[in-house]
Structures are given as C-alpha cells and as structure tokens.
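Beneath this line is the structure, given in structure tokens, with notes to follow.
Letters go in sequence order (proteins before strands), and every chain restarts at 1.
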Number of protein chains: 2
Amino acid sequence: MNILIADDEKHMTTILKTYFEKEGYKVWVAADGEEALELFFSNKIDLVVLDWMMPKRSGIEVCNEIKQVSLAKVVMLTARSSHDDEFSALDIGADEYIRKPFDPRILMLRIKKMLGTQKVAAIRDLEIDFERKKVYKKGEELSLYKKEFELLTFLYENKGRILSRDSLLSSVWGMDYLGEERTVDTHIKRLRDKIGADHVITHRGMGYSFHDKNQ
Amino acid sequence: MNILIADDEKHMTTILKTYFEKEGYKVWVAADGEEALELFFSNKIDLVVLDWMMPKRSGIEVCNEIKQVSLAKVVMLTARSSHDDEFSALDIGADEYIRKPFDPRILMLRIKKMLGTQKVAAIRDLEIDFERKKVYKKGEELSLYKKEFELLTFLYENKGRILSRDSLLSSVWGMDYLGEERTVDTHIKRLRDKIGADHVITHRGMGYSFHDKNQ
DNA sequence: ACCCTTGTGACACTCTTGTAACAGAGATTC
DNA sequence: GAATCTCTGTTACAAGAGTGTCACAAGGGT
C-alpha cells in the first residue's frame with residue numbers, strides 16, 4: 001500500500017510518516033499542493049492524506065482534482081472546525097475528514113478500516129490472507145483444503161514453537177477427536193507439498209514447528 | 001435498507017427517522033439498549049445508529065453484542081468527546097463515531113458512503129440494478145425472485161469474502177430465522193441457474209463467495 | 001547395523017454439496 | 001371461497017471432493 005502525505009508542517013508529516021511506516025505502508029511526503037499532485041500522478045498511490053491549508057494549492061483543490069480521475073482514497077486533515085467545511089469536503093468526494101488535533105491511533109484505525117482491514121501475514125515467499133482464507137506463494141494463489149488451511153493457521157499463530165502431534169490434534173481437529181496421531185503427518189506432508197517443505201520443521205520425537213525467521 | 005435507531009431522547013430519534021425515511025430507508029426505533037437488541041434480532045437490519053448513553057444497555061454494549069454475530073454496520077452517536085471513547089468504539093468494531101451535536105447532512109453523507117450508495121453494478125456479463133431490483137445477463141433481463149435478489153445483493157456487497165451458510169442465513173433471512181442451513185444451497189443453485197454458475201464460488205466446508213474479479 | 005521415527009503414495013470411506021422433485025404458504029383471479 | 005399461480009423451504013439421493021488410515025520406504029540416532 002502506497003500512501004502520500006501532504007502537509008506544510010514538517011512536524012506533522014514526520015509523525016505521520018513514522019506511524020504509517022510502522023504499519024508497513026510505503027510513504028511519500030509533499031510539502032504543498034502542487035508537489036502533492038506531482039507525486040500523486042507519478043506514482044501508484046492508494047491513499048492520500050491532505051492538509052486543508054497548504055501553499056500553492058489547497059487540500060480541497062487537490063482532493064477534487066484527484067477524485068475526478070482516480071479511485072484513490074482521500075483523507076482530509078484540518079484545523080477548521082466548521083460543519084460546512086466537513087460537509088463540502090465529504091461532498092466533493094473525500095472519504096474521511098478529521099479535525100486537528102487528532103489522536104494518531106484513531107487516524108490509523110479509520111484508515112485501516114477504509115483500506116479494508118485485511119489481516120495478511122507474509123513469510124518469505126508466502127502470504128496468508130486470514131480474512132479471505134487464501135494463501136499465495138510467490139504471488140500465485142494456492143488452493144488449500146479446509147483442514148490444511150486450519151493447520152497452517154494454527155502453525156502460523158504458534159510459529160517458532162514446537163507443537164506435538166497431540167496438541168495439533170486437539171487444537172486443529174478438536175479436543176474430542178479420536179483418531180490416529182499419524183494423520184497429522186499426512187496433513188503436514190500435503191501442506192508442505194503446497195506451501196514448500198521448508199516452512200514446516202520436523203523435530204524428531206517432539207513434533208512440528210512453523211519456520212518463523214525470515215530467511 | 002433497514003435501519004435501526006436507538007436513542008433515549010425522543011427528540012433525536014424523531015429527527016433521524018424523518019431524515020432516513022426521506023432517503024427511502026425503512027426505520028425502526030428503540031428507546032433503550034435492550035429494546036435495540038430485541039429489534040435487531042427479530043428483524044433484518046442493515047445499519048444500527050446507537051446512542052452511547054442509554055438505559056438498560058449502553059450503546060457500546062449493544063454494538064459489541066451485534067458485532068459478535070453480525071455483519072451489520074454500526075454508527076455510534078455520542079455526546080462524549082474523549083478521544084479514548086472514540087478509539088474504543090472503533091476498536092470494538094463500530095464503523096463510525098460521530099459527536100453530538102452534529103450536522104444531520106454530514107451524518108447522512110457518511111452513512112450513504114458507508115452503505116455504498118451504488119445504484120448499479122457490472123460484473124462481466126452481469127448487470128445489477130439495485131434501485132429497480134433488476135438483473136441483466138448479456139443485456140437481457142432476468143427474473144429473480146425476491147430472495148434470490150436479496151441473496152445476490154448480499155453476496156455482491158461482500159464479494160470476495162467467504163460467507164458461511166450461517167452468516168448468509170442471519171443476514172439474508174434474518175437473525176431469528178429458524179430453518180435448514182441447506183436452504184441456502186437451494187437458493188444458491190437457483191441463483192446460479194439464472195446468473196451463471198461461475199459467479200458464485202463454493203468453498204467446501206466453509207461457505208460461498210461472490211466472484212469479484214473481472215475475468 | 002539396528003531400531004524407531006517420519007515421509008510418502010495409494011486406497012477407502014465419509015461428509016459436503018449439487019440437484020431434482022415435492023410440499024406448503026401466500027397472493028391473485030375468477 | 002375455490003382454483004390457480006408464484007414463490008420459498010424441505011427432503012432424498014447421487015456424485016465426488018476432502019479426509020483418514022494403512023503399509024511400506026527412507027532416514028536419523030545410537
């Protein structure tokens with residue numbers, strides 16, 4: 001996700017940049033309206049955070065121009081408190097309007113909701129989308145069976161920890177499950193065939209673990 | 001679209017009811033938290049507007065309970081101005097948090113944005129006209145039954161997401177619906193026969209999803 | 001070299017889903 | 001008010017995808 005922040009207060013952009021980068025977004029910074037538009041049109045931006053008052057072109061102008069031609073999300077950030085301003089910003093197409101001073105946690109929450117709160121995990125060449133129950137290897141979608149996905153999820157949630165067949169059976173199959181312990185082996189094998197053998201580590205006599213270190 | 005408004009100030013619910021009805025929504029009104037939950041669970045509600053401070057159950061409790069089991073949208077309306085309150089409301093799953101006093105036009109705008117004020121949709125050979133409740137395949141009008149159209153609408157609104165029979169039953173048939181889960185299958189089949197089987201994807205053991213990618 | 005654990009492929013069975021036919025509730029018409 | 005039509009929900013059965021088990025192979029540890 002690529003984010004563009006435009007504000008003439010250096011202080012503000014620095015704070016926001018830090019927050020966004022901590023969440024794993026790629027960030028561009030502009031100090032005025034013109035620069036914002038330039039950066040927007042020369043990069044693939046998914047979300048723009050705009051201050052209302054900026055030199056050269058105001059936030060509302062920039063928002064308007066972007067919304068004419070693009071589906072990118074726009075958040076207006078402003079010190080103005082009038083209801084009319086909020087109304088016209090939203091009416092022009094802004095997706096969010098937040099008054100300064102604001103709580104950065106709230107900004108982040110609202111933005112995450114806006115961008116679709118996709119809970120995705122990335123482990124080297126693997127991506128797991130828990131919400132949509134999809135797994136990608138090198139960008140290509142894998143088709144996992146339900147049990148395989150559940151097993152992968154549980155392994156991932158406990159990555160690095162050694163999980164005995166027994167605990168895997170009770171957690172993934174259910175406490176009351178009666179059946180062969182070796183069933184786990186078969187599922188591990190099938191999972192390995194799909195996601196790549198090296199993601200699951202065998203600990204002889206103890207169980208399996210999910211490889212958590214990147215590289 | 002069915003909307004539930006819960007606020008103990010009669011004055012407030014009356015105003016909101018008027019606004020929403022002018023926009024063509026069907027409105028239910030509750031005067032306290034308990035009534036809100038009752039109405040929610042005995043009707044097919046798409047959006048809930050909740051006052052924070054209410055007798056019996058607070059808005060935040062109601063929100064929490066609803067979000068546990070339903071995909072309905074929730075807007076918190078409150079006189080509290082603390083940032084912490086806003087954060088916890090959003091964190092619990094509220095989709096919007098608006099401070100009183102507010103500008104009703106802004107509330108309506110934000111809600112319209114939230115509900116996705118989309119009037120028509122096109123998915124490959126399919127066109128859905130939500131306002132006129134009509135569906136076209138390759139330009140030709142299909143005749144869907146009411147339930148089929150509702151099911152299609154809900155699938156479309158959540159395209160890409162895997163929806164369990166259970167959540168389909170509660171969202172399309174209503175929270176209080178008692179009946180076979182397999183009823184969903186039958187309706188999915190009928191829908192598929194009309195719109196084309198490939199628009200609805202089966203996820204064995206998990207549910208169905210609407211195919212969201214063009215091609 | 002031996003034993004014990006794990007990997008692997010094949011097979012069998014079960015459970016989920018697709019499907020058609022039927023039943024019944026409402027609506028509509030005469 | 002009966003007859004008919006429209007729409008929705010249930011059931012039963014078939015197909016086959018998904019899962020569990022087994023037997024044998026491979027490999028590590030002592």
Side-chain angles (χ1 to χ4, degrees), chain A residues 133-135 141-155 161-211, chain B residues 43-44 132-135 141-155 162-211:
Chain A
K133 300 186 198 299
K134 288 186 173 176
V135 182
E141 187 176 341
L142 302 176
S143 66
L144 297 198
Y145 295 146
K146 187 180 174 222
K147 265 273 135 55
E148 289 166 357
F149 187 82
E150 288 171 355
L151 179 59
L152 174 60
T153 302
F154 187 73
L155 284 168
R161 187 180 311 173
I162 298 176
L163 302 159
S164 68
R165 279 162 240 271
D166 192 50
S167 69
L168 285 171
L169 274 185
S170 44
S171 301
V172 180
W173 276 257
M175 291 299 185
D176 50 342
Y177 182 78
L178 308 167
E180 279 299 316
E181 284 210 331
R182 298 295 314 278
T183 296
V184 176
D185 297 38
T186 301
H187 281 269
I188 291 280
K189 177 201 165 7
R190 287 172 186 157
L191 186 58
R192 277 174 167 161
D193 284 348
K194 293 184 179 175
I195 66 173
D198 55 337
H199 284 286
V200 183
I201 300 165
T202 304
H203 302 266
R204 294 197 128 241
M206 299 189 278
Y208 297 99
S209 76
F210 193 77
H211 188 199
Chain B
N43 292 285
K44 206 171 92 7
R132 301 178 178 283
K133 300 188 192 303
K134 290 189 171 177
V135 182
E141 185 175 343
L142 302 176
S143 68
L144 298 197
Y145 295 143
K146 186 161 166 271
K147 265 271 134 54
E148 288 166 357
F149 187 80
E150 288 172 358
L151 179 59
L152 174 61
T153 302
F154 188 74
L155 284 168
I162 298 175
L163 301 160
S164 68
R165 278 161 240 272
D166 193 50
S167 70
L168 285 171
L169 274 184
S170 28
S171 301
V172 180
W173 276 258
M175 295 301 296
D176 55 338
Y177 182 79
L178 307 168
E180 279 299 316
E181 285 209 332
R182 298 295 315 276
T183 296
V184 176
D185 297 39
T186 301
H187 282 267
I188 291 279
K189 177 196 165 10
R190 287 172 185 158
L191 186 58
R192 277 173 167 163
D193 284 347
K194 294 182 181 177
I195 67 172
D198 55 337
H199 284 286
V200 183
I201 300 166
T202 304
H203 302 266
R204 290 198 141 238
M206 300 188 274
Y208 297 99
S209 75
F210 194 78
H211 192 262

Inter-residue atom distance B:Leu152.CG - B:Glu150.CD, 0.5 Å rounding: 11.0 Å

Inter-residue atom distance A:Lys194.NZ - A:Tyr145.OH, 0.5 Å rounding: 5.0 Å

5' priority, DNA chain C, between A:Met206 and B:Gly207 [closest heavy atom]: A:Met206

DNA chain D: 5'-proximal contact among A:Arg204 and B:Arg204 (nearest heavy atom): B:Arg204

Comparing A:Glu181 and B:Leu144 on DNA chain D - which has the more 5′ nearest nucleotide: B:Leu144

Aromatic ring pairing A:Phe210/A:His199, orientation class (parallel under 30°, perpendicular over 60°, tilted between): parallel

Tell me the interatomic distance from [X], atom [atom1], to [N], atom [atom2], rounded to whole angstroms.
X: A:Lys194; N: D:dG18; atom1: NZ; atom2: P; result: 8 Å
X: A:Arg165; N: D:dG20; atom1: CZ; atom2: P; result: 15 Å
X: B:Ile188; N: D:dT8; atom1: CD1; atom2: P; result: 14 Å
X: B:Lys189; N: D:dG9; atom1: NZ; atom2: C1'; result: 15 Å
X: A:Tyr145; N: D:dT19; atom1: OH; atom2: C1'; result: 9 Å
X: B:Leu168; N: D:dG9; atom1: CG; atom2: P; result: 13 Å
X: A:Asp193; N: D:dT19; atom1: CG; atom2: P; result: 15 Å
X: A:Asp185; N: D:dA25; atom1: CG; atom2: P; result: 18 Å

Is the phosphate of [N], meaning OP1 or OP2, less than 4.0 Å from a side-chain N or O of [X]?
X: A:His187; N: D:dT19; result: no
X: A:Thr186; N: D:dG20; result: no
X: A:Trp173; N: D:dT19; result: no

Member of B:Ile162, B:Leu163, B:Ile188 meeting the side-chain contact (heavy atoms from CB on, under 4.5 Å) criterion with B:Tyr208: B:Ile188

Nucleotide interval of DNA chain C bounded by contacts with chain B (heavy-atom cut-off, under 4.0 Å): C:dT16 to C:dA21

NZ (A:Lys133) with more than 12 external heavy atoms under 6.0 Å: no

Flag, side chain of A:Lys146 to backbone of B:Arg204, donor-acceptor distance under 3.5 Å: no

Touch class at under 4.0 angstrom, heavy-atom based, for A:Tyr177 against every strand present: sugar-phosphate

Sugar-phosphate only, base, or nothing, as touched by B:Arg182 at under 4.0 Å among non-hydrogen atoms: base

A:Arg161 vs A:Ser167, side-chain hydrogen bond (donor to acceptor under 3.5 Å, both in side chains): CA-CA, chis, key distance, verdict: CA-CA 12 Å; A:Arg161 187 180 311 173; A:Ser167 69; over 6 Å; no

Presence of donor-acceptor pair under 3.5 Å, side chain of A:Arg190 and base of D:dG18: no

